[in-house]
Amino acid sequence: VLRRVIRFLRAGTALFIMGVFVVRGATISRIPNLEARLSARLRTNRRLAGWLARAIRLRVHVTFESGTTPADRGCLILANHTSVLDVVALASLEDAVFVTSQEMAEAPVIGALARFGGATFVERRHRGGRANELRNLETLLTAGRTVVVFPEGTSTDGSEILRFRHGLLHLAERVPRLEILPVAIRYRSIGGKPVDAANRDRIYVYGDQS
């Protein structure tokens, strides 16, 4: 019974935090200055993502390869993608702009949440607007923003790395001295049990899953 009560309280807390995110996002939308609005969104993301991670017991551990150090300014993060929790984990660590698809922008509810979070959208179905998308991202990076791209272009079950959609990687040619940080996200355990093919779908979202 106690465990059920605790789960209920955690779920209620998580829903409350999401409610705060929506209300705060709607309020920030009234800020007229675009830069100030984005800064407010990203600060809110980081704070609330940290709260949400604690509420759902998402423990985030960060390690760096030997010889690498955290970025001291804006950078381009290239990460693998298996779960919506990837965004929570990364947002709790960094004031980051997430790049996602225009299809996501058009999705009900999720599209609004992405906008409230300051996401920027790219059209993957055709490349007619690629030049404008690159200019937008170039502006963000030049201004010292951290931008997160999932170069596989979709989420997977983690069993393999898909071929990268390389269009946005041209940013490396457009932004002088751009720091690129490759990130490997790995979920180690769920409910105290190692993540494997039997339990990963509790948190992984990929393919045709709803």
Side-chain angles (χ1 to χ4, degrees), residues 7 10-11 14 18 45-46 49-50 52-71 75-94 96-111 113-114 117 119-127 130 133 137 146-172 178-210:
R7 283 199 296 268
R10 289 189 180 280
M18 291 302 299
N45 287 353
R46 187 170 186 173
L52 182 60
R54 287 192 290 273
I56 63 176
R57 299 184 70 191
L58 175 64
R59 298 187 179 95
V60 183
H61 302 276
V62 180
T63 58
F64 286 88
E65 288 284 342
S66 176
T68 62
T69 58
C75 67
L76 178 64
I77 292 178
L78 304 178
N80 60 312
H81 192 22
T82 57
S83 170
V84 293
L85 296 180
D86 300 343
V87 176
V88 177
L90 291 172
S92 71
L93 301 172
E94 183 74 28
V97 177
F98 289 84
V99 179
T100 187
S101 66
Q102 185 61 34
E103 294 102 310
M104 189 70 72
E106 296 166 1
V109 182
I110 296 177
L113 292 177
T120 187
F121 303 99
V122 297
E123 180 57 81
R124 295 194 174 114
R125 292 166 292 193
H126 52 80
R127 301 180 179 179
R130 180 57 52 81
E133 293 165 356
L137 294 173
T146 292
V147 174
V148 177
V149 172
F150 299 111
E152 293 169 286
T154 187
S155 55
T156 73
D157 64 3
S159 62
E160 62 179 340
I161 298 176
L162 303 182
R163 181 178 179 180
F164 283 9
R165 300 192 179 193
H166 60 271
L168 297 182
L169 302 186
H170 289 293
L171 289 165
L178 174 63
E179 181 167 2
I180 299 177
L181 181 64
V183 172
I185 302 173
R186 177 186 176 191
Y187 293 91
R188 296 183 177 276
S189 65
I190 303 174
K193 297 180 180 180
V195 175
D196 56 26
N199 64 6
R200 66 188 180 194
D201 287 359
R202 291 180 59 187
I203 60 173
Y204 286 20
V205 180
Y206 57 92
D208 294 328
Q209 290 176 321
S210 63

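The chain is numbered in sequence order, starting from 1.
- Atom CD1 of Ile180 has more than 12 neighbouring heavy atoms from other residues, nucleotides or ligands inside a 6.0 Å radius.
- No side-chain donor-acceptor contact under 3.5 Å links Asn199 to the backbone of Arg202.
- Within the 3.5 Å criterion, the main-chain N or O of Phe121 finds no donor-acceptor partner in the side chain of Gln102.
- Residue Thr120 holds its OG1 atom at 5.5 Å from CG of Leu137, rounded to the nearest 0.5 Å.
- Tyr187 is not listed as a side-chain neighbour of Arg200, based on a closest heavy-atom distance of 4.5 Å or more.
- Looking at heavy atoms from C-beta onward, Val147 lies out of side-chain contact with Ile77 at the 4.5 angstrom threshold.
- No donor-acceptor pair closer than 3.5 Å links the side chain of Asn45 to the backbone N or O of Ala91.
- Val148 places none of its side-chain heavy atoms less than 4.5 Å from the side chain of Val97.
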Worksheet item: What do the steps show when you test Leu168 against Val122 for side-chain contact (heavy atoms from CB on, under 4.5 Å), and what is the final call?
Response: CA-CA 9 Å; Leu168 297 182; Val122 297; 4.2 Å; yes
Worksheet item: Between Leu90 and Phe98, is a side-chain contact (heavy atoms from CB on, under 4.5 Å) present by the stated rule, with each step listed?
Response: CA-CA 10 Å; Leu90 291 172; Phe98 289 84; 3.8 Å; yes
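- Rounded to the nearest 0.5 Å, atoms CZ (Arg7) and CZ (Arg57) are 11.0 Å apart.
- Heavy-atom minimum distance, Met104 versus Thr100: CB-OG1, 3.6 Å.
- Within the structure, every pair that satisfies the side-chain hydrogen bond (donor to acceptor under 3.5 Å, both in side chains) test and touches residues 161-172, not counting sequence neighbours, is listed here: His170-Glu173.
- Side-chain contact between Ile56 and Arg10 is absent, with no heavy atoms from C-beta onward closer than 4.5 Å.
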Fill in: Check against side-chain contact (heavy atoms from CB on, under 4.5 Å), Tyr206 and Thr82
CA-CA 7 Å; Tyr206 57 92; Thr82 57; over 6 Å; no
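- Here OG1 of Thr146 is found 9.0 Å from CD of Glu179. Values are rounded to the nearest 0.5 Å.
- Here OG of Ser92 is found 9.0 Å from CZ of Arg54. Values are rounded to the nearest 0.5 Å.
- Minimum interatomic distance between Val99 and Phe150 (heavy atoms only, all atoms of both residues): O-CD1, 4.4 Å.
- Interatomic distance, CD of Glu103 versus OG1 of Thr154, reported as 9.5 Å (0.5 Å rounding).
- Val195 is not listed as a side-chain neighbour of Arg188, based on a closest heavy-atom distance of 4.5 Å or more.
- In this structure, Asp86 CG and Asn80 CG are separated by 6.5 Å, a value rounded to the nearest 0.5 Å.
- In this structure the side chain of Leu181 never reaches within 4.5 angstrom of the side chain of Leu76, judged on heavy atoms.
- Formation of a donor-acceptor pair under 3.5 Å by the Ser189 side chain with backbone atoms of Gly192 is not found in this model.
- Residues Glu152 and Leu162 come closest through the heavy atom pair OE2-N, 2.8 Å.
- Counting only heavy atoms from C-beta outward, the side chains of Ile185 and His81 never approach each other to under 4.5 Å.
- Residues satisfying the side chain to side chain contact (heavy atoms under 4.5 Å, CB included) test with Val109, not counting sequence neighbours, are Leu113.
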Discussion item. I'd like to know whether Leu52 forms a side-chain contact (heavy atoms from CB on, under 4.5 Å) with Met18, so could you lay out the CA-CA distance, the side-chain angles of the two residues, the decisive distance to 0.1 Å, and finally the verdict.
Written reply: CA-CA 8 Å; Leu52 182 60; Met18 291 302 299; 4.2 Å; yes
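- By the 4.5 Å heavy-atom criterion applied to side chains, Asp157 and Ser159 are counted as neighbours.
- In Ile190, the CD1 atom is crowded: over 12 heavy atoms of neighbouring residues, nucleotides or ligands sit closer than 6.0 Å.
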